[in-house]
Asker: 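Below you'll find the structure I mean.
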2 protein chains.
Amino acid sequence: MTTTGGRSRPVTLREVAQHAGVSVATASKALNGKADVHPDTRRRVEEVADRLAFTPNSLARAITAGQTGTVGLLTHDLEGRFSLPILMGAEDAFGAGRTSVFLCDAREDAIREQHHLRALLGRRVDGLIVVGSKTDPRPSLGPDVAVPVVYAYAPSDDPRDASVVPDNVTAGRIATEHLLTLGRRRIAHVSGDATYAAARDRAEGVGQALAAAGLELVGPVRYGSWSEAWGRAGVGAALDAAPGIDAVVAGSDQIARGVLDALRDRGVTVPDDVAVVGFDNWEPMIAGSRPALTSVDMNFETMGRRAATRLFARIAGSPDEGVETIAPRVVVRGSTASG
Amino acid sequence: MTTTGGRSRPVTLREVAQHAGVSVATASKALNGKADVHPDTRRRVEEVADRLAFTPNSLARAITAGQTGTVGLLTHDLEGRFSLPILMGAEDAFGAGRTSVFLCDAREDAIREQHHLRALLGRRVDGLIVVGSKTDPRPSLGPDVAVPVVYAYAPSDDPRDASVVPDNVTAGRIATEHLLTLGRRRIAHVSGDATYAAARDRAEGVGQALAAAGLELVGPVRYGSWSEAWGRAGVGAALDAAPGIDAVVAGSDQIARGVLDALRDRGVTVPDDVAVVGFDNWEPMIAGSRPALTSVDMNFETMGRRAATRLFARIAGSPDEGVETIAPRVVVRGSTASG
DNA sequence: CTGTTAGCGCGTTCAG
DNA sequence: CTGAACGCGCTAACAG
């Protein structure tokens with residue numbers, strides 16, 4: 001029974017039954033809380049099982065159950081900051097029950113994705129969650145996959161698939177509405193890479209909120225990259241072009257940090273002179289910013305939980321399709337608060 | 001064969017055999033590349049398998065193989081930045097073969113850990129990697145776990161277990177040696193929470209390097225918290241106490257960012273006046289810092305790969321115990337470069 | 001209440 | 001080269 005070297009084979013139900021002096025069927029029923037077992041017998045079996053550290057073999061159980069109680073989580077953004085909270089939400093939703101999660105990282109590679117897909121199907125997962133790295137639609141795995149699939153973050157390009165995505169338009173809108181509520185009227189928007197749907201969607205939301213208030217963005221949407229450096233450069237350009245700006249919607253928390261730094265370098269006071277709001281509510285960026293950054297939380301964990309819940313329902317048989325969006329929320333902090 | 005709603009049961013080997021007009025045994029041999037099968041027969045079987053999208057059932061295979069080809073990854077730091085690269089390294093090492101990874105997040109909770117442990121053992125994983133959230137030793141799962149276990153990041157408190165940990169003493173040493181090489185002599189150390197072994201180990205390494213050069217730290221090790229705010233405050237205190245400082249070893253990249261910000265606020269030029277080095281080489285922190293931050297990379301991915309490799313060897317039967325440290329490396333950037 | 005029998009999907013003997 | 005029989009660990013259906 002040493003740790004290093006030879007391992008002992010796990011205890012089987014048969015052994016438990018033998019030690020308890022009953023048949024395997026009785027032992028099975030006793031341990032699974034089924035009726036028609038004498039209380040004394042049940043207690044005896046349970047005691048033996050406990051003593052032998054019996055752990056039922058889920059694989060064997062899966063054979064008859066027709067379900068393995070496992071799901072695959074196929075991500076393309078393991079190192080990124082989006083799939084992690086999604087993963088946690090899903091793990092949370094599954095972990096409460098008796099479902100285990102296979103994690104696979106395909107790293108944006110279609111071949112690796114195919115490889116992992118085969119492996120997961122070979123392990124007879126009951127379902128799949130596919131997590132993309134961008135909010136742009138991604139190719140569907142197709143209707144021929146033998147198990148239910150839910151797409152998270154990146155929706156499937158097939159509307160008949162089930163997808164759960166962040167609502168970036170609303171995010172842009174509520175960020176802007178928050179600024180409008182504070183009385184800001186001359187609002188600029190420094191965003192990330194324009195090839196990302198997330199950037200364009202947020203910009204659209206910003207535009208909607210302004211239009212509803214009879215206002216316009218000060219200057220064009222300044223697309224760039226998702227970096228602090230761009231935040232610094234972008235806000236500089238915006239201020240130079242239009243000095244009277246009283247608020248900036250930054251395309252992400254990283255951009256927002258850059259914006260805050262550049263404003264401080266210029267001697268502009270936040271939030272008194274200019275209010276700043278970011279997106280993602282990403283703790284590491286938020287924690288260090290001066291002042292603390294108001295940010296729109298996309299509720300990724302909720303997204304993961306919803307994906308898991310929908311997958312569960314699909315596995316249980318309920319039909320379900322279409323894209324579901326997760327509502328974001330504004331988390332107010334010092335970069336807009338005292339304005 | 002619709003996606004939503006009823007799913008078709010996966011194709012079995014039996015069906016393939018029937019469609020190909022052969023026995024299951026023949027079909028099995030044909031698909032597994034075994035000898036004693038007529039080439040024509042083999043091709044026919046392969047063709048049918050392909051047409052029916054046959055995916056061999058890994059669970060059934062596991063029955064005879066005695067191994068499931070799965071491992072459990074039990075982490076306590078899923079949202080943290082340490083377990084992720086470890087996870088990626090492990091996933092990388094396993095993914096190349098035919099091993100799948102069950103991911104469980106126990107969140108520092110012993111009960112949840114026990115729950116997940118039972119679930120994983122029930123699924124008959126071939127082995128386990130346990131990832132801690134701190135480098136302080138953690139309780140061993142004990143010698144009674146039926147499968148090999150490798151501890152990563154946090155070592156087991158039982159020296160007979162196999163552990164893979166970062167080498168924080170060396171990290172502190174090489175960070176300081178790098179500064180000494182640049183001619184810096186008056187070095188301060190602003191670190192994180194002193195209750196973390198990581199903080200104390202790095203400080204020890206810093207001290208070793210200085211002692212070897214016949215020098216001493218300027219001021220005490222300034223322990224605080226792992227935050228930018230503390231980096232700003234800590235370096236301020238250090239400068240006020242001893243104005244002649246020409247380099248700062250920061251306890252983490254986040255602390256280093258705070259240090260950089262405070263120095264810039266004070267009009268101190270980096271790296272000309274003061275050089276700064278951080279730890280972890282954490283991309284999000286590195287990316288935005290001004291100037292780019294020199295940092296000690298703890299090589300977490302290597303750690304994950306080593307953990308996976310050692311686990312593999314243990315599963316294959318080789319005895320293996322003891323703590324293995326992963327060598328860190330200095331990544332030089334602007335915060336020390338032109339000094 | 002308890003024991004017996006069958007069978008889940010596959011690989012692996014062993015006879016043919 | 002092929003086919004039938006066995007076993008893995010467990011549960012469901014039925015018999016006692």
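Every chain is numbered from 1 and lettered A, B, ... according to where its sequence line falls, protein lines coming before strand lines.
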Asker: Out of C/dT13, D/dC1, D/dA13, which has the shortest distance to the side chain of A/Ala25?
Answerer: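 Closest nucleotide among those given: D/dA13.
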Asker: Starting at atom CD of A/Gln67, determine the distance to atom P of C/dG9, rounded to an integer number of angstrom.
Answerer: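 Whole-Å distance recorded here is 14 Å.
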Asker: Is a side-chain N or O of A/His76 found less than 3.5 angstrom from the main chain of A/Glu108, in a donor-acceptor match?
Answerer: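 Pair found, side chain donor or acceptor close to backbone of A/Glu108.
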Asker: Would you kindly give the CZ-to-P distance between A/Arg124 and C/dC8, to the nearest whole Å?
Answerer: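 It is 15 Å, rounded to the nearest whole Å.
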Asker: In terms of the nearest nucleotide of DNA chain C, which residue is placed more toward the 5' end: B/Lys29 or B/Arg14?
Answerer: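 Whichever sits nearer the 5' end wins; that is B/Arg14.
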Asker: Which nucleotide wins on minimum distance to the side chain of B/Thr26, given the candidates C/dT2, D/dG3, D/dT11?
Answerer: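 Between C/dT2, D/dG3, D/dT11, the one nearest the side chain of B/Thr26 would be D/dG3.
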Asker: Indicate the ring-plane relationship of A/Phe312 and A/Phe94, choosing parallel, tilted or perpendicular according to the 30° and 60° boundaries.
Answerer: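 A/Phe312 and A/Phe94: tilted rings.
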Asker: Think A/Thr64 has a side-chain N or O under 4.0 angstrom from the OP1 or OP2 of D/dC10?
Answerer: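 So the side-chain polar atoms of A/Thr64 never come under 4.0 Å of the phosphate oxygens OP1 or OP2 of D/dC10.
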Asker: Does B/Glu324 have more than 12 heavy atoms from other residues, nucleotides or ligands lying within 6.0 Å of its CD?
Answerer: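 Yes, CD of B/Glu324 has more than 12 neighbouring heavy atoms, counting only those of other groups under 6.0 Å.
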Asker: Answer yes or no: is there an ion pair linking B/Arg314 with B/Asp320, defined by an N-O contact shorter than 4.0 Å?
Answerer: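 B/Asp320 and B/Arg314: not salt-bridged.
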Asker: Hey, which of these two, B/Ser23 or A/Asn32, hits DNA chain D nearer its 5' end, going by closest nucleotide?
Answerer: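 Counting from the 5' end, the first nearest nucleotide belongs to B/Ser23.
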Asker: Would you please confirm or rule out a distance under 4.0 Å between OP1 or OP2 of D/dT11 and any side-chain N or O of A/Lys34?
Answerer: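 Answer is no, no contact under 4.0 Å.
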Asker: Grab the CG-C1' distance between A/Leu31 and D/dC10 for me, whole Å please.
Answerer: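 One finds 12 Å between C1' of D/dC10 and CG of A/Leu31, rounded.
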Asker: Rounded off to whole Å, could you give me the CZ-to-P distance for the A/Arg61 and C/dG7 pair?
Answerer: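 Checked: the CZ to P distance equals 22 Å.
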Asker: Between atom CD in A/Glu15 and atom C1' in D/dC8, what is the gap in whole Å?
Answerer: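 Rounded to the whole Å, the gap is 13 Å.
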Asker: Return yes if a side-chain donor-acceptor contact under 3.5 Å exists between A/Arg138 and A/Ser156, otherwise no.
Answerer: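 No, because no side-chain N or O of A/Arg138 sits under 3.5 Å from a partner of the opposite role on A/Ser156.
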Asker: Nearest whole angstrom, please: distance from the P of D/dC8 to the CD1 of B/Ile63.
Answerer: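 The answer, rounded to whole Å, is 10 Å.
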Asker: Measure from CG on B/Leu13 to P on C/dC8 and round the result to the nearest Å.
Answerer: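 In whole Å, C/dC8 P and B/Leu13 CG are 14 Å from each other.
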Asker: For A/Val11 and for B/His38, find the nucleotide of DNA chain D with the closest heavy atom, then tell me which residue's nucleotide is more 5'.
Answerer: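 Taking each residue's closest nucleotide, the earlier one in sequence belongs to B/His38.
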Asker: Between D/dC10, C/dC10, C/dG11, spot the one nearest the side chain of B/Ala60, thanks.
Answerer: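 For B/Ala60, the side-chain atoms sit closest to C/dC10.
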Asker: When we call it a touch if two heavy atoms are under 4.0 Å apart, what does B/Val37 touch: a base, just sugar-phosphate, or nothing?
Answerer: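 Counting heavy atoms under 4.0 Å across all strands, the contact made by B/Val37 is with sugar-phosphate only.
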Asker: Of all the nucleotides listed (D/dG3, C/dG11, D/dC8), which has the minimum atom distance to the side chain of B/Ser28?
Answerer: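 So the nucleotide nearest the side chain must be C/dG11.
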Asker: Please give, in whole Å, the distance from D/dC10 P to A/Gln18 CD?
Answerer: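 Atom CD in A/Gln18 sits about 12 Å away from atom P in D/dC10.
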